[in-house]
A.B. asks: 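Take this structure first; my questions come after.
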Amino acid sequence: MCAALVAERAEEAAVAWPAAPEPAVRVNGLNHYYGEGEARNQVLFGNSIEIPAGQLVVMTGPSGAGKTTLLTLIGALRSIQEGRIDVLGRDLSRLGGSDLVDVRRDMGFIFQMHNLFDALSAYENVKMAAQLGDASSSEMRQRCAGILERLGLGHRIDHKPRFLSGGERQRVAIGRALVNQPRLILADEPTAALDKDSTMNVIKLLKQTTIDYGAAVMMVTHDHRIIDSADRLVHMVDGRIMSDVVLHDALRICEFLRPIDLFKALTPQQLTDVAEHMKKRHFAAGDTIIREGEPGEDFFLISDGEVEVIRSDHEVARLGPGDFFGEVALISGEPRNATVVAEGGVDAYALGKTDFQTALATSQSFRDQLYRVYFMRH
Amino acid sequence: MARPGSVPLAWRNLVWNKARLLRSAGGIGFAVLLMLMQLGFEQAFFESAFAVIRGLDGDILLQSAHKYQFATRDPFPRADLDKARDVPGVASARALYADWFNFFWKNPIDGKVFLVRAFGFDPDAPVFSFADVNASRDKLKAPNTVLVDRGARRFLGMDSAATEAELNGTKVKIVAGFALGPDFQSDGTVIMSDRTFASLLRAPAGNPAAVDVGVVKVKSDDDPAAVQQSLRKALPDTIAVFTKPQLIEFERKFQADVSSAGPIFAMGTIVGFVVGMLISYQVTYTDLSDQLPQYATLKAMGYRTGYLLRVVFEQAGFNALAGWVPALLLSILLYYLIGRLALLPLHMTAQVILVSLGLTLGMCLISAAIAVRRVITADPAEVF
């Protein structure tokens, strides 16, 4: 996945998302149950996640993992039982039925089934959503026609669903979800019925909404064509968020890891696994990142800036972007043999001791490379 | 929620599938037709029963207080009618002799004998407003002369060119005709002078001692209500004093509440209503079931339940109209045909139109109210 991301993300890396004071979605300690009494069954377990505005988040996971339940809770379609969800700055657990309806008007829903009214034309189906907003009639007309145009349905605007293909119907449904420029878009397998071109067209449009007006998009899908376009990948298993990876960071980490001898022997999957477990950390000028004599807890990869390596009060090396340090203490189990100080502001990716050792155990070649580096540095 | 230029969802849902619209309109229309026919028959029944009362040329009508319906014989003393003449404001008080059960008419063509309705009055003191009757009243002065109802049922032979017939075994001369028509109780009517009436009824000839209905005219400057009050004071309690509308209402109440006719027609209308409700429920329920995911999607999008209710009820209203309009048109045709065949005053009236429209809307809206629970309980989370 990393290789593909590198190619496609090069241009997008420069995109600046609008700053948002509040995340579009903030989920905290969310539990959810179905059934009552002895039949009560917990389907979500203490999930927490924050989704900022302007992010396209893809949720994956096996069937029954709780993805759709989480989506419907965020979408104010179910009552919150335990935990808290803030959507677009509003605490859903404190809202009554009428206020929940108002919150939903700020969202766009895309369902696996298009659920279009057979009696209405494509334009009218989209207008059903548009008339919920406060746009004037002429603006509404413009928006409805415009979104259908952008979805490649400009010539099918007056057609009723039964005269449209499955893919066209789904695109009308997507148009219906996007016509009011919602600040949060929730989608469940939106491209399941679409061919490759339509899928890319839809993803491009969804991506554009995150850029144009900072919409947050949360999408359940198994479509790899979409996963490749995501900003963030959330993986759920058995009602728990098992991994939550911001793919921009993973991409950047991959870019650094790939040319480094240490990681050259890793397969793309192994490289991605390592990248996904690394956390971005920022150090101000003069911060001590590791201190000689202390136990080793993290392995560091420098993203931006320079560090000074000091051993026994003498500078022994300077490291810059793409360089790494901290592996020796993790391999040997001995205390740090040097102090590393940030020269200016430094951004680094850190891999915790446990994840480092897991990566070590995963790949024989990775272990061999590390031991080679270890002995070179001694 | 609704705003100008918004999508007319209910209307679109109604008309998009022509075959389904035809089926639902046919089903509902059938039930409406049942109701319209019942309402039409009921109205014809009442109208025919009121026809004679309407045809009396008086402002106030007197009859025995013991009569429970107009078409029964319970005469009151002629002296009471004479007393009425002396009441201030009374211009005239004339006698009508009537019988529904003692006059037997022999068809002059085939000789078969039938019971008919008979009225008698003094030719010099007319009581009817029927122009044909008044034009020929002088001819009735000759003994055993009668006017026959040309609109009577055919089997009486009153519409024939015969000039003689037999009434209660006595030969009578048919001097002219008039057009009244039968009702649900009588097949035909014979009108004659009071003297002929008395002789044929085998009562003392000349000056009958008792009258069936007193037909009172009020002086043009006087208030009929005030004269009615005066008459009530002047006459004994055994005499009921009605204005014409009051007597019609008295008769209507008897037919609707006491006789079996009212409940029979009402039951027929109720059956039509219930059948229509079942059909309408089925139409609405099927439509809502088919579109439940769409309605749930609307809920998810932020439409309130009130909007969904409005759409469902609007559509039920449109369904009602789609069934009612063709049924109304068809019933007008059927009224005409049946009215001609049965010689009944079967006419489409504003009252029948309004009542049938109200019932049709009622049955469709009630069934929609039952079926709409499906939409109210639709869970938008389930469409994910």
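First the proteins, then the strands, lettered A, B, ... as listed; each starts at 1.
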A.B. asks: Can you tell me which of Thr305(B), Asn13(B), Leu9(B), Asp290(B) forms the most heavy-atom pairs within a distance under 4.5 Å of chain A?
C.D. replies: Leu9(B)
A.B. asks: Ignoring hydrogens, what is the shortest heavy-atom contact between Asn115(A) and Pro293(B)? Give both atom names and the distance.
C.D. replies: OD1-CB, 3.4 Å
A.B. asks: Let me know if Met128(A) has heavy atoms under 4.5 Å from chain B in its side chain, its backbone, both or neither.
C.D. replies: both
A.B. asks: Is the number of heavy atoms from other residues, nucleotides or ligands under 6.0 Å of Phe313(B) CZ greater than 12?
C.D. replies: yes
A.B. asks: Look at Arg12(B) together with Asp118(A) and state whether they make a salt bridge at an N to O cut-off of under 4.0 Å.
C.D. replies: no
A.B. asks: Please state whether the side chain, the backbone, both or neither of Leu73(A) comes within less than 4.5 Å of a heavy atom of chain B.
C.D. replies: neither
A.B. asks: For Met113(A), does the CE atom sit with more than 12 other heavy atoms under 6.0 Å from it, leaving out its own atoms?
C.D. replies: no
A.B. asks: Other residues, nucleotides and ligands only: do more than 12 of their heavy atoms fall within 6.0 Å of CD on Gln142(A)?
C.D. replies: no
A.B. asks: Return the CG to CD distance between Leu116(A) and Gln291(B), rounded to the nearest 0.5 Å.
C.D. replies: 11.0 Å
A.B. asks: Please flag which part of Asp379(B) lies under 4.5 Å from any non-hydrogen atom of chain A: side chain, backbone, both or neither.
C.D. replies: side chain
A.B. asks: Could you state the interatomic distance from CG (Leu298(B)) to CZ (Arg176(A)), rounded to the nearest 0.5 Å?
C.D. replies: 7.5 Å
A.B. asks: What are the two closest non-hydrogen atoms of Leu77(A) and Ala381(B), and how far apart are they?
C.D. replies: O-CB, 3.8 Å
A.B. asks: From the options Arg104(A), Arg105(A), Gln131(A), select the one residue that forms a side-chain hydrogen bond (donor to acceptor under 3.5 Å, both in side chains) with Tyr303(B).
C.D. replies: Gln131(A)
A.B. asks: Which value, rounded to the nearest 0.5 Å, describes the distance between His114(A) atom NE2 and Gln294(B) atom CD?
C.D. replies: 8.0 Å
A.B. asks: NZ of Lys299(B) to CG of Leu100(A): how many Å apart, nearest 0.5 Å?
C.D. replies: 13.0 Å
A.B. asks: Would the number of heavy atoms belonging to other residues, nucleotides or ligands and lying under 6.0 Å from CZ of Phe45(A) be above 12?
C.D. replies: yes
A.B. asks: Side chain, backbone, both or neither: which part of Thr69(A) has a non-hydrogen atom closer than 4.5 Å to chain B?
C.D. replies: neither
A.B. asks: Is it true that atom CG of Asp238(A) has more than 12 heavy atoms of other residues, nucleotides or ligands lying nearer than 6.0 Å?
C.D. replies: no
A.B. asks: Please flag which part of Arg141(A) lies under 4.5 Å from any non-hydrogen atom of chain B: side chain, backbone, both or neither.
C.D. replies: neither
A.B. asks: Give me the atom names and distance for the closest heavy-atom approach of Ser98(A) to Arg304(B).
C.D. replies: OG-NH1, 3.1 Å
A.B. asks: Taking atom CZ as the centre, does Arg54(B) end up with more than 12 heavy-atom neighbours from other residues, nucleotides or ligands that are less than 6.0 angstrom away?
C.D. replies: yes
A.B. asks: Evaluate the side-chain proximity of Phe109(A) to Thr297(B): yes if any heavy-atom separation is below 4.5 Å, no if none is.
C.D. replies: no
